[in-house]
Amino acid sequence: MSQTVTMDKIVAFCKRRGFVYQSSEIYGGIRSSYDYGPLGVEMKRNIKEEWWRHLVHMREDVVGLDAAIIMHPRVWEASGHTATFNDMLVESRTSGRRYRADHLIEEATGADAEGMSAEEMTRIIAEDGRIKDPVDGGRDFAPVRPFNLMFETYTGPVKSPENVVYLRPETAQGIFVNFKNVMQTNRVKVPFGIAQQGKSFRNEITPGNFIFRTREFEQMEMEFFVEPGTDEEWHEYWLEQRWNWYTSLGINPENLRRYEHPKEKLSHYAKRTVDIEYNFPFRGWSELEGIANRTDFDLKQHAEFSGENLEYFDQATNSRYVPYVIEPAAGPDRIMLAFLVDAYREEEVNGESRTVLKLHPRIAPTKAAVFPLSKKEPVSTVARQLYEDLKGDYRIFYDDSGAIGRRYRRQDEAGTPFCVTVDFDSLEDKQVTIRDRDTMEQERIPIAAVRDRLQGLISG
Ligand code: ATP
């Protein structure tokens, strides 16, 4: 069952089946960077597609955007990132290692260190004998200092301070700075949303847990602009929508929960934030997605810093206001890890063991495999023709080598929900066998009906 899956098992599985590789592995790898292999890239694309379909294509009140990663540096002053997007860093003088000070304190003492000042943390680390360097047990630490997580680089050939730019640490700001553009060029009316997916970068002090926390990752964020006063209702609405997205794609609801951020710990921009958490077997309840009421903070900041008027004119009431914003912010890498863990099973079937990924068909990297029972004609010709008819809508895999049982097992591991087998009888009765990954039941259906049947099963 999923709760016994260890991180080592998932990492090894992901490599063996071509889901995720360590980046630059032939050079010894680089910490916190991962590459998505042939199955992984399909799966991550499916997650992003499902998010986009649900939030953009299925709705009339949300439009999409794809903003640049490198933005004007003033954006990050307005948003507060330059001043406050920090983690508390502490360096051990005995091992030379650097740690998140809040994590060291929390792990050693159980105290809640989030939101403490650097001075307070420095004092606690010096005075509390339980806090030790996890590597060598040392108790000699440099003073705690805030460390800004934004990656800095330079535009142009001159590495001078006026050319400093940042790799965006979140996709949200690209949406806020385009609020006016979208309003003026599309006939949108509040309430409406702007959705975006793309890479974000954070120089995390302690990345880890595989693709859960990396320094380069993807985000899927939507800013939903609403009239002030209606924000609390919309917040509840989006919490429900986002919860249902996970469960409709097969995540076991017992492994999901809501986490309400305590008022005193909210980010500077938030009125209320609720996370959707997943119970990862190797780290317990952890954030998959944060759903925040960002108020009018960002638009007001950008209006002030840019000098542009970012108010909305409501024609119905003939009034102007700066909208409030509800933001569901998720990450497809982290979500993919949750889907993998939730779907991974090792089962005993008729005395044989099988590994199976019980992924929802929409998330599965390959939707169906086509197997000719024999490599030879005419069975192979019929199978090949079927494959040609099915491909194009989604990834279909053709496999004519090895015993049929082994071919099934390989697809079970890859999460392929359906296998279609062409056998000798198919030549006569024009029917094929379609096998279900989870029940392993087989059904004979006309070749001519396969395409529609798969369509129904996948979108089901
Ligand atoms: P955490 O507390 O785990 O660092 P956060 O609260 O800083 O996360 P947000 O700023 O709310 O994260 O970002 C929204 C989403 O982006 C997160 O829910 C997560 O799915 C994803 N995300 C954030 N940081 C990372 C990271 N370093 N690696 C992978 N995904 C990330």
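In each ligand, atom 1 is the first atom listed, and ligand 1 is the first ligand listed.
Atom numbering of ligand 1 starts at 1 in the shown order; those under 4.0 Å from a heavy atom of A329 are 14 (C), 15 (C), 18 (O). Within ligand 1, counting atoms from 1 as listed, the ones closer than 4.0 Å to a heavy atom of E289 are 18 (O). Atoms of ligand 1 lying under 4.0 Å from any heavy atom of R213, numbered from 1 in the order shown and given with element: 1 (P), 3 (O), 4 (O), 26 (C), 27 (N), 28 (N).
Counting only distance, with no hydrogens or angles, the side chain of R437 and the backbone of G415 share a donor-acceptor pair below 3.5 Å. Between the side chain of D393 and the backbone N or O of L390, no donor-acceptor pair lies under 3.5 Å. Judged purely by atom type and a 3.5 angstrom limit, N293 has no side-chain atom pairing as donor or acceptor with the backbone of I326.
Within the 4.0 Å heavy-atom criterion, the part of A330 lying near ligand 1 is the backbone and not the side chain. The part of E204 lying near ligand 1 is the side chain, judged by heavy-atom distances below 4.0 Å.
A donor and an acceptor atom, one from each side chain of R97 and S92, are nowhere located under 3.5 Å apart. Side chain to side chain, Q301 and Y269 fail the donor-acceptor criterion of an N or O pair below 3.5 Å. No hydrogens or angles considered: a donor-acceptor pair under 3.5 Å links the side chains of T171 and E221. Counting only N and O atoms by type, the side chains of Q219 and S200 include a donor and acceptor under 3.5 Å apart.
Between E120 and R123 there is no salt bridge, since no side-chain nitrogen of the basic residue lies less than 4.0 Å from a carboxylate oxygen of the acidic one. Between E347 and K358 a salt bridge is recorded (basic side-chain N to carboxylate O distance below 4.0 Å).
Closest heavy-atom approach to atom 10 (O) of ligand 1 within the set H261, E327, R202, Q219: this belongs to R202.
In terms of polar-atom proximity, defined here as any N/O pair under 3.5 Å, T214 does make such a contact with ligand 1. Polar contact check, L288 against ligand 1: a nitrogen or oxygen pair lies under 3.5 Å apart. In terms of N/O distances under 3.5 Å, ligand 1 is approached by G331.
Ranking the protein heavy atoms by distance from atom 22 (N) of ligand 1 puts F217 CE1, 3.5 Å first. Here the heavy atom of the protein found nearest to atom 29 (C) of ligand 1 is F212 O, 3.2 Å. Closest protein heavy atom to atom 17 (C) of ligand 1: E287 OE2, 3.4 Å.
The closest approach between a heavy atom of E170 and any atom of ligand 1 is not below 4.0 Å.
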